[in-house]
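In what follows, a structure is listed as structure tokens, so that the remarks can point back to it.
Counting starts at 1 for both ligands and their atoms, in listed order.
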Amino acid sequence: MSDAIHPAAVIVLAAGEGTRMKSSTPKILHRIGGRSMVGHALDAAAALEPERLAVVVRHERDRVAAHVLDHAPQIAIVDQDDVPGTGRAVEVALEALEDLTHGTVVVTYGDVPLLSAELLGELVSRHVEEGNSATVLTARVEDPTGYGRVLRAEDGSVLGIKEQKDASEEELAINEINSGIYAFSASALRGALARVGTQNAQGEKYLTDVLGIMRQDGDRVSAAVTTDQWQVEGANDRVQLSALGRELNRRIVTKWMREGVTVMDPESTWIDVDVILARDVTLLPGTLLQGHTAIGEGATVGPDTTLVDTVVGRSATVKRTDATGSRIGAGASVGPFAYLRKDTVLGEDGKIGAFYETKNVTIGARTKLSHLGYAGDAEIGEDTNIGCGNITSNYDGVNKHRTVIGSQVRTGANTVFIAPVTVGDGAYTGAGAVVRKDVPAGALAITQAPQANSEGWVQRKRPGSAAAVAAMLASQTISDASSTPLQNGK
Ligand code: UD1
Ligand code: MG
């Protein structure tokens, strides 16, 4: 927004309670698209690059303030007092920003998450270009119930706003609603707010009253009507939260498709706001991309995959996988049914196959952990093949220990590495080995006792059993086959 007009201040109202959420979490901390509602509001506000940014809090003050400061450390937290109403909320913010006497003040809500920086910027531009004292963002809706109605004169100019609870029958029939988002001239706003009372159906100090006061003073008051109603919609309960979340997602998914991402099923694909996708990424149904996930060119993700804060390299394939805080190298293959926990790093063209769990492990290029195992607190070199069912036994019940496996290693099925342990480059392990001691480079580690076959044990110990019958038939077949091979072999 560098060429736009920067307002002197944006005030985000967030003192309300939000009882209809029926939640122990304050309403504006509920999340859609991987970000809290107030986080969305603050980001849109911050994109205007205002000189000052303030948020007004009251309900669950400490929790909300901590979250807001975490999201935007430069913000001014303003506490609303016992006087209720949006007008009072703005008044306390202006008291806190005492040097704010001229320029444009934008007011938005913490529970209107789809409002974009672009629309807010258009509102500010129009406000400044028209030289207004107040410019309110409005929308024409099918059902205006609950909203303040925009009163216009016969010539179409804005007379003021009437709250639902104070409106007459005729006024209730008006379907142009107040979004609650405004641009004001700072000086006119200060003057008008000082004259707003609380003589209304709710006994509140209404911000909406300043428009009528300004109009009566002969100031310019104008309304900018948006046709994109989602952008002015607030979430008061979980039904609205879900609807807003779905719409936000639809917008994000559409944006990525336009950027060259193939999405087989947009309805079942959920992408957080901070996710980054390259061209020719393919997303299959049931894919959730969350947090700071990034996916490289030509990679295929899904179906049924959740990636949180995970980076996927170019041309990689990630199928039916749950991964958090991991890095998957270019050309690598993960899944189906893989569980990559924090700090899994898989090298280029590597593989973590079916039913593998990994955590805090660095795996070199072209190394394969193909099936059924656990690798944690480990480092594995390049071009190594980890056999089926291998496990790094990293936890001794008290502490975690590391397993280090070199490059060009081949491990037999069901090898267990009892950490701390190191396996040198080019070493082998036998199937079922329990590796407690370091294995030198190029050595073969075997820990199992030699196999002993007790011939005829089943016939002797389990006579007449199904196993004994099968064994007897097998021995006959073997002797028949060896004596008359051509007859049996057809
Ligand atoms: C308000 C508007 C109404 C508009 C509607 C749009 C007023 C008087 N009415 O009504 O015209 O159509 O928003 O959604 O402004 N808040 C505070 N402190 C308060 C009261 C509210 O910070 O004392 C904050 C809330 O947290 C919320 C916003 O202001 O973010 C709006 O409050 P809400 O109670 O929802 O206002 P409405 O009565 O819906
Ligand atoms: Mg409301």
Worksheet item: Is S179 in contact with ligand 1, taking contact as a heavy-atom separation below 4.0 Å?
Response: yes
Discussion item. Quick check for you: to the nearest 0.5 Å, what is the distance between I161 atom CD1 and Y147 atom OH?
Written reply: 13.5 Å
Practice prompt. May I ask you to check if ligand 1 and N236 share an N or O to N or O distance below 3.5 Å?
Written response: no
Fill in: Close approach, I177 and ligand 1, non-hydrogen under 4.0 angstrom
no
Worksheet item: Is any N or O atom of L13, backbone or side chain, closer than 3.5 Å to an N or O atom of ligand 1?
Response: yes
Discussion item. Can you confirm whether the side chains of N236 and K27 place a donor and an acceptor under 3.5 Å from each other?
Written reply: yes
Worksheet entry | Contact check: T86 vs ligand 1, nitrogen or oxygen atoms, below 3.5 angstrom | yes
Discussion item. How long is the straight-line distance from CD of E142 back to CD of Q229, given to the nearest 0.5 Å?
Written reply: 8.0 Å
Worksheet item: Counting each atom of ligand 1 from 1 as listed, which ones have a heavy atom of E163 under 4.0 Å away?
Response: 2 (C), 3 (C), 7 (C), 8 (C), 9 (N), 10 (O), 11 (O)
Fill in: Heteroatom distance test (A15, ligand 1): nitrogen or oxygen, under 3.5 angstrom
yes
Practice prompt. Could you say whether the N/O atoms of V83 and ligand 1 ever approach to under 3.5 Å?
Written response: no
Worksheet item: Purely on distance, is any nitrogen or oxygen of Q80 under 3.5 Å from one on ligand 1?
Response: yes
Discussion item. Quick check: L207 and ligand 1, any N/O pair under 3.5 Å apart?
Written reply: no
Fill in: Heteroatom proximity flag, P84 to ligand 1, N/O under 3.5 Å
no
Discussion item. Pairs of nitrogen or oxygen atoms closer than 3.5 Å, one from T208 and one from ligand 1: do any exist?
Written reply: no
Worksheet item: Is a side-chain donor-acceptor pair under 3.5 Å present for D143 with T145?
Response: yes
Worksheet item: Out of L115, V225, N178, L120, which one pairs with L137 under the side chain to side chain contact (heavy atoms under 4.5 Å, CB included) rule?
Response: L115
